[in-house]
Structures are given as C-alpha cells and as structure tokens.
Amino acid sequence: MFDRDFFARPVLDVARDLVGWTVRHGDTAGLIVETEAYHQDEAACHAHVGVTARTSTLFGPPGLAYVYRSYGIHALLNVVCEPEDVGAAVLIRALDPSDGLDLMRARRRLDREQDLCSGPGKLTQALDVGLHHNETDLLGAGPVRLEPPQGPLPAPVAGPRIGITKAAELPWRFCATGSRNVSKPWPPGLRETLPR
DNA sequence: GTATGGATCTTCT
DNA sequence: GAAGATCCATACA
C-alpha cells in the first residue's frame, strides 16, 4: 500500500514518478508510459483561473481523480497533486495495455495494441473512464485505482507538453523510454530526467 | 508518409 | 460566442 503523501509532493516529481505505475479499472489495466504536469502557477493549467465549479477538484485532496471533457468529445484523466488548496494535477497521456486487451479492443473498435491507449482520450475510452469518475479516490477506495510499480524503473525522459498553446515551452511531459505506445514520437535531443 | 478539417460540449466572457 | 490538455477519416504526396 502507498500513501496520500506521495501525491502531496511537487507535481513535477509526481509526474516523473508515476511513469511505470498501473492504472486499473475493472478487468482492464495498463502501465503508465506518458504523463504531463499541470500547476496553477502556469497558464496551461485549468487551475490557473482559480477555484471555480470546474476546477474545484484540482484544489482538493491529493490522490483524487480530475476528469474533464476535452474538445466536447473526450474524457481526460488526471491525478490531483500537491497539498490541498494547491491546484495541480498530472495528466495521464498514454498506457502500455496490460490486462483486458480484448475488452479494450471492443471498446475502441480497433485491433492494434499500439492504438488502444496511445493518447489521453484513447486510454479513457479503453478503460471506460468517464466524467462520473471525477473526484473519485484513486488510492484504492474508488473503481479506478493506481498501483505502484513492482521493481526499479529506468528514469523517464522529459520534454515539452503537447496540444497546448499556453506555457507550451515548459518541459513538463514525461515519457517511458522504449514504449511504442506513447501518444507522439519523442523529439530529437531527448533529455534524461534526474534520478528518482 | 504528412496535412487538414469535422465532430461535439463545457466553461467562461 | 469562442476556445480548448483530442481523435479520426480523408486527401494528397
């Protein structure tokens, strides 16, 4: 078992350390291979505007899910980080599918493993995560759960975030080396992160 | 292989 | 009324 303090740490550290964890919902699960950090101090974060009906989850207890609709179509899954009253979260951007592949294929109406969870909107569809999971606990009490990695992991690489227009220069995207299931190929000149 | 545009809806102005 | 942390089908090279 792990503790809520893990998620109360700086969001950049949590984003880096979550690479290699497992997200599980029912019979489907996958290994996290890509994350991005968002913090209220930078403009790309929803919490940047302060506490509203939409963003209140981000200021809640660490370890909760923040799920919102993107482009009117997709549900995106985040993990709330930093102490309560600080608006920050880690976006889960891609998984290596590990359990329930056939169920994922049925939900995604696709065959190729590489296409099942290689994007933030894809993985929520594959795992059947929806807006009703917003504010549920990811630490074992809710239907969607995070599980820590079994053994030591290689340090992920860091680079700029994807699909945003504000604060796009910050290198707050973290990616597992060697996975083919990332949402977008890594740019040249990738950087090793500091050891965990 | 890359490029483009449509789908669709919550939130805030 | 516009913007947006996306995905996919289609068009072209």
Side-chain angles (χ1 to χ4, degrees), chain A residues 7 10-12 14-16 18-19 21 23 28 30 32-60 62 64-82 86-97 104-136 138 144 146 156-176 180-188:
Chain A
F7 299 95
V11 67
L12 276 179
V14 181
R16 179 198 61 203
L18 273 180
V19 174
W21 284 53
V23 183
T28 50
I32 299 174
V33 295
E34 185 178 345
T35 62
E36 282 179 2
Y38 288 87
H39 189 278
Q40 62 184 39
D41 288 348
E42 43 88 16
C45 183
H46 293 171
H48 190 60
V49 298
V51 182
T52 66
R54 181 199 199 186
T55 63
S56 64
T57 309
L58 287 167
F59 294 87
L64 299 194
Y66 170 53
V67 186
Y68 75 98
R69 186 172 297 287
S70 172
Y71 290 91
I73 301 174
H74 307 286
L76 267 58
L77 172 65
N78 301 249
V79 188
V80 175
C81 293
E82 309 251 356
V86 178
V90 174
L91 169 66
I92 311 296
R93 283 195 58 90
L95 307 174
D96 275 343
M104 291 187 191
R105 288 192 174 95
R107 287 170 178 161
R108 296 272 298 123
R109 299 161 185 259
L110 287 168
D111 280 335
R112 289 175 61 214
E113 178 177 333
Q114 202 175 327
D115 294 331
L116 293 178
C117 297
S118 55
K122 301 179 187 180
L123 69 92
T124 53
Q125 188 185 10
L127 295 195
D128 194 26
V129 171
L131 299 185
H132 57 284
H133 291 112
N134 187 41
E135 277 191 292
T136 60
L138 296 172
V144 183
L146 286 170
V157 293
R161 293 178 293 184
I162 290 177
I164 55 173
T165 53
K166 301 166 190 165
E169 74 285 356
L170 296 174
W172 285 12
R173 175 187 179 218
F174 299 92
C175 230
R180 282 183 302 279
N181 288 312
V182 294
S183 66
K184 196 177 167 187
W186 207 256

Residue met sooner reading DNA chain B from 5', once A/Leu131 and A/His74 are mapped to nucleotides | A/His74
Evaluate the criterion side chain to side chain contact (heavy atoms under 4.5 Å, CB included) for residue pair A/Leu18 and A/Val79; output intermediate values, then yes/no.
-> CA-CA 10 Å; A/Leu18 273 180; A/Val79 188; 4.2 Å; yes
Which of A/Lys122, A/Arg173, A/Arg16 passes salt bridge (Lys or Arg N to Asp or Glu O under 4.0 Å) with A/Glu34? Answer is A/Arg173
For A/Ser56, check side chain to side chain contact (heavy atoms under 4.5 Å, CB included) against everything at least two apart and list the hits.
-> A/Val51
Rounded to the nearest 0.5 Å, how far does CD1 of A/Ile92 lie from CG of A/Leu146?
-> 6.5 Å
Pairing of DNA chain B as dot-bracket, 5' to 3': ( ) intra-strand, [ ] crossing, | other strand, . unpaired, with Watson-Crick or G-U pairs under 3.5 Å?
-> |||||||.||||.
Checking all strands, does A/Arg109 fall into the base, sugar-phosphate, or nothing category for heavy-atom contacts under 4.0 angstrom?
-> nothing
Partners passing side-chain hydrogen bond (donor to acceptor under 3.5 Å, both in side chains) against A/Thr124 (at least two apart in sequence or in another chain) | none
Results of side-chain hydrogen bond (donor to acceptor under 3.5 Å, both in side chains) for A/Thr136 - residues two or more places apart only | none
How about A/Tyr38 and A/Leu58: do any of their side-chain heavy atoms sit closer than 4.5 Å?
-> no
A/Cys175 SG to A/Ile32 CD1 distance, which is reported to the nearest 0.5 Å = 12.0 Å
Return the residues of residues 75-82 of chain A meeting this criterion: a heavy atom under 4.0 Å from some atom of DNA chain C. Order them by number, or give none.
-> A/Leu76, A/Asn78
In this structure, CG of A/Leu77 is separated from CG of A/Leu91 (nearest 0.5 Å) by 8.0 Å
Using heavy atoms and a sub-4.0 Å distance, could you list which residues of residues 35-58 of chain A are near DNA chain C? By number, please.
-> A/Tyr38, A/Ala44, A/His46
Near-strand residues of residues 87-97 of chain A, defined as heavy-atom separation under 4.0 angstrom from DNA chain C = A/Leu91, A/Arg93
Value rounded to 0.5 Å, distance of CG in A/Leu127 from CG in A/Leu95 = 5.5 Å
Heavy-atom donor-acceptor pair, A/Arg161 side chain to A/Ala167 backbone, under 3.5 Å | yes
Check whether any side-chain heavy atom of A/Glu82 lies under 4.5 Å from a side-chain heavy atom of A/Gln40, and answer yes or no.
-> no
Residues forming a side-chain hydrogen bond (donor to acceptor under 3.5 Å, both in side chains) with A/Thr35, sequence neighbours excluded | none
Check whether any side-chain N or O of A/Glu36 sits under 3.5 Å from a backbone N or O of A/Ile162 as a donor-acceptor pair, and report yes or no.
-> yes
Tell me which residues in residues 114-130 of chain A put a heavy atom below 4.0 Å from DNA chain C, sorted by number, or none.
-> A/Gly119, A/Pro120, A/Gly121, A/Lys122
Mind checking whether A/Asn78 and A/Val90 have side chains closer than 4.5 Å, heavy atoms only?
-> no
So which protein nitrogen or oxygen atoms get under 3.5 Å of nucleotides 2-4 of chain B's nitrogens or oxygens?
none

So the contacted stretch of DNA chain C, first to last nucleotide with an atom under 4.0 Å from a non-hydrogen atom of chain A, runs from C/dG4 to C/dC8
Gap separating the CG atom of A/Asp128 from the CG atom of A/Leu123, nearest 0.5 angstrom | 12.0 Å
Could you verify whether a donor N or O on one side chain and an acceptor N or O on the other, from A/Gln125 and A/Arg108, lie under 3.5 Å apart?
-> yes
Under 3.5 Å, which donor-acceptor pairs do the side chains of residues 64-71 of chain A form with other protein atoms, sequence neighbours left out?
{"from": "A/Tyr66", "atom 1": "OH", "to": "A/His46", "atom 2": "ND1", "distance (Å)": "2.8"}
{"from": "A/Arg69", "atom 1": "NH1", "to": "A/Ile73", "atom 2": "O", "distance (Å)": "3.0"}

Any side-chain heavy-atom pair of A/Asn181 and A/Cys117 under 4.5 Å = no
So, do A/Val80 and A/Glu135 sit near enough that their side-chain heavy atoms are less than 4.5 Å apart?
-> no
